[in-house]
Amino acid sequence: MAEERGETPGGTGRPPPAGAYGEPAGRPPARAPGQGPDRSSAGDGGSAEDTDARMAELEDRWLRSAAELDNLRKRVARDAERIRAEERARTVREWLPVVDNLDLALRHADAEAGAVVEGVRAVRDQAVAMLARLGFARHEELGVPFDPVHHEAVGTVADPQVPAGTVAGVVRPGYGDGERQLRPTAVIVATAPERPEPAG
């Protein structure tokens, strides 16, 4: 008989299909007693915690970098101000002897005119030398070709003794060279004399 041989109804010998005895199809197989729950998705929570920790670490690094950058900016600003103050002080110290000599010249203003003129000239020479030490040499050269970079033409003169296009006179000296030029030399530029028109 089929029941004695353990055969399923119908005599096929195959297990009954799902739901054949009232069990819903698609239900996962029952776990043995004592078997824990399925933890195949337990790593999701750990990944989220790792991401939060990484984000916190990156934020801390960003805050530290921002603070270091702000401190660097403040330090550079302090250093720049200190350098400017030292440069101003150095320039003023260079001028002090000039002021002292001007005071001395004023105290002897009642002396004869020649002595006063010589004293003023000496102060002027001292100031010019001081400017040269600071990197701003004086320029008042005559007979050199006119250069619009170093010269400012304020007039012209027809002088047969001076080649045309050269500096015939200096109205105001210039100081400095290249990028350190304080001002160009104001000059009178020589031009070729006009030729008289032939008679007739």
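Everything numeric in this text was worked out from a predicted model, so none of it was measured. Atom set for the values below is all heavy atoms of this structure, side chains included, hydrogens, waters and symmetry mates excluded.
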Practice problem: Please lay out, stage by stage, how V144 and H150 fare under the test side chain to side chain contact (heavy atoms under 4.5 Å, CB included). | Solution: CA-CA 11 Å; V144 297; H150 301 102; over 6 Å; no
Exercise. Show your reasoning for whether side chain to side chain contact (heavy atoms under 4.5 Å, CB included) applies to T91 and R88.
Key: CA-CA 5 Å; T91 303; R88 286 194 297 267; 5.8 Å; no
Practice problem: Using the side chain to side chain contact (heavy atoms under 4.5 Å, CB included) rule, take V187 and V154 through it: C-alpha gap first, then chi angles, then the decisive distance, then the call. | Solution: CA-CA 6 Å; V187 299; V154 296; 6.0 Å; no
Check: [X] side chain, [Y] main-chain N or O, donor-acceptor pair, under 3.5 Å:
X	Y	result
E94	A89	no
T166	P145	no
R82	A77	no
N71	A67	yes

Practice problem: Please confirm whether R180 makes a cation-pi placement over F136, using NZ or CZ under 6.0 Å from the six-membered ring centre and within 45° of the ring normal. | Solution: yes
Quiz item: Just by distance, with hydrogens left out, do D177 and H139 show a side-chain donor and acceptor under 3.5 Å apart?
Solution: yes
Self-check item: Audit row: R138, E140, salt bridge (charged side-chain N to carboxylate O under 4.0 Å, His left out) steps and yes/no
Solution: CA-CA 7 Å; R138 179 182 175 110; E140 50 184 346; 3.1 Å; yes
Quiz item: Heavy-atom distance under 4.5 Å between the side chains of E152 and R183, does that happen here?
Solution: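 E152 does not reach R183 side chain to side chain.
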Quiz item: If you group Ile, Leu, Val, Met, Phe, Trp and Tyr by side-chain heavy-atom gaps below 4.5 Å, do L134 and V98 land in one group?
Solution: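 Yes, one cluster joins them.
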Quiz item: Where do T185 and G174 come nearest, in terms of heavy atoms and distance?
Solution: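 Here T185 and G174 meet closest at OG1-N, 3.2 Å.
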